[in-house]
Amino acid sequence: MTQKYEEPGLNKDAFTCPSCGAFAAMQWEPLRTNSAWQAISLAYCHRCKRHSVWLDGSNGYPVKMLFPKSLTAPLPNEDLPEECLNDYMEAREIANNSPRGAAALLRLCIQKLAIHLGGDGKNINDDIGKLVKNGMPQRVQQALDVVRVVGNNAVHPGEMSVDDQPETVHALFGLINLITDNQITQPKQVGNLFASLPEGARNAVEKRDKYS
């Protein structure tokens with residue numbers, strides 16, 4: 001299941017804490033030194049009791065989180081396969097400073113995800129086509145192709161400048177979570193619920209399907 005993620009922002013009442021990763025209420029206070037107000041505000045996390053430090057946009061400064069290091073991409077779906085997780089987390093670490101690098105890593109992530117879902121691993125485009133033939137919904141196919149194409153273009157000069165479109169790269173993380181939710185999380189949840197039915201009811205369903 002995808003963890004709730006709310007991007008941190010100045011003066012928000014609650015967001016995903018950059019220190020502990022939990023969605024938590026935030027208490028804001030300005031930083032005051034030598035009886036003078038500074039262009040810095042502190043956000044106190046009610047979950048981990050730590051502060052994040054922000055430039056508050058006053059005195060000509062931009063609005064920016066100074067500490068801890070800002071990771072604005074969403075956390076991975078809890079069911080993202082282990083073989084994909086390292087690529088996802090590395091992409092998340094560098095997304096703000098290197099959108100091109102993050103896009104390339106996310107393409108590698110979906111290549112591994114496609115293999116996990118039944119692809120052969122020889123050609124990612126062919127693997128997506130195979131998954132479509134096996135009944136993959138169109139919106140999931142489109143999500144895979146978006147990550148594939150953006151990742152490919154990011155490493156080919158002149159194709160697409162993702163460094164100028166960091167919001168596009170950040171959206172790729174959400175698409176990977178969507179794919180994982182549709183193809184892994186939802187089937188697992190339905191399977192667990194079906195397994196919890198009384199044995200007689202499950203046998204009746206299997207008998208019905210066998211002779212239908």
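Atoms considered below: every heavy atom in the structure, side chains included; atoms not considered: hydrogens, waters and symmetry mates.
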*Honestly curious: do I94 and M65 fall in one hydrophobic cluster under the side-chain, below-4.5 Å linking rule?*
no
query: Are P74 and H170 close enough that some pair of their side-chain heavy atoms sits under 4.5 Å apart?
result: no
Tightest non-hydrogen contact, residues A43 and M26, listed as CB-SD, 4.4 Å
> Can L108 be reached from I124 by stepping across I, L, V, M, F, W or Y side chains whose heavy atoms are under 4.5 Å apart?
Replying inline: no
Is there a path from I115 to I184 through hydrophobic residues (I, L, V, M, F, W, Y) whose side chains come within less than 4.5 Å of each other? no
Stepwise side-chain contact (heavy atoms from CB on, under 4.5 Å) check, C45 with Q27:
CA-CA 7 Å; C45 173; Q27 180 177 333; over 6 Å; no
For K12, is the NZ atom crowded, meaning more than 12 foreign heavy atoms sit under 6.0 Å from it? yes
#### Entry: Within-4.5 Å side-chain heavy-atom neighbours: K122 and D126
no
dist Y88:OH -> F173:CZ (nearest 0.5 Å) comes out at 6.0 Å
- Taking side chain as C-beta onward, heavy atoms only, is D145 less than 4.5 Å from N125? yes
dist I110:CD1 -> I176:CD1 (nearest 0.5 Å) comes out at 6.5 Å
Note: D181 and P187 closest approach over all heavy atoms is O-CD, 4.2 Å
Shortest non-hydrogen pair, S41 vs L10, comes out as CB-CD1, 4.4 Å
Heavy atoms of W54 and P8 approach each other most closely as CH2-C, 3.7 Å
Closest non-hydrogen atoms of G9 and W28, given as atom of the first, atom of the second and distance, are O-CZ2, 3.3 Å
Mind checking whether L172 and R107 have side chains closer than 4.5 Å, heavy atoms only? no
Sorted by chain and number, sequence neighbours left out, ring pair (Phe, Tyr, Trp, His ring centres under 6.0 Å) with Y44 holds for H46, H51
| field | Cluster overlap V146 with L105, hydrophobic side-chain contacts below 4.5 Å | value | no
Given the rule in the side-chain contact (heavy atoms from CB on, under 4.5 Å) test, do V205 and R208 qualify, once you have shown the distances and angles that lead to the verdict?
CA-CA 5 Å; V205 170; R208 177 202 67 196; 3.5 Å; yes
*Ion pair check, D127 and K130, cut-off under 4.0 Å*: no
Open item on the list: If you apply the rule side-chain contact (heavy atoms from CB on, under 4.5 Å), what do you find for Y61 with I40, and how did you get there?
Closed with: CA-CA 10 Å; Y61 290 105; I40 293 177; over 6 Å; no
Distance col, row L85:CG vs C109:SG, nearest 0.5 angstrom, shows 8.0 Å
Return yes when atom NZ of K133 has more than 12 non-hydrogen atoms of other residues, nucleotides or ligands closer than 6.0 Å, and no otherwise. no
Q) How about D79 and T180: does a side-chain donor come under 3.5 Å of a side-chain acceptor? A) no
dist E6:CD -> D13:CG (nearest 0.5 Å) comes out at 10.5 Å
* Asked: Hey, does Q141 have a side-chain heavy atom less than 4.5 Å from the side chain of I128?
  -> yes
Taking everything shown except E29 itself, do over 12 heavy atoms lie less than 6.0 Å from its CD? yes
Are S19 and S52 close enough that some pair of their side-chain heavy atoms sits under 4.5 Å apart?
no
When rounded to the nearest 0.5 Å, the distance separating CG of N77 from SG of C84 is 11.0 Å
Inset, instruction - Begin from the C-alpha positions of L55 and L66 and carry the test side-chain contact (heavy atoms from CB on, under 4.5 Å) through to its verdict. - result: CA-CA 7 Å; L55 281 174; L66 300 175; 3.9 Å; yes
Output for pair (L144 CG, L113 CG), nearest 0.5 Å, gives 6.5 Å
Under 6.0 Å from the CZ atom of F194, do we count more than 12 heavy atoms belonging to anything else shown?
yes
Task: Side-chain touch P68/R50, heavy atoms, less than 4.5 angstrom - done: no
Residues P99 and N97: closest non-hydrogen pair is CD-C, 3.8 Å
So do L117 and M136 actually touch side chain to side chain, heavy atoms under 4.5 Å? yes
Note to self: Donor-acceptor pair, distance only, cut-off 3.5 Å: does the side chain of R47 make one with the backbone of A24?
What the structure shows: no
Worksheet entry | Path from M89 to V147 over hydrophobic side-chain contacts below 4.5 Å | yes
- Query: Are more than 12 heavy atoms from other residues, nucleotides or ligands located less than 6.0 Å from atom CZ of R139?
  - Reply: no
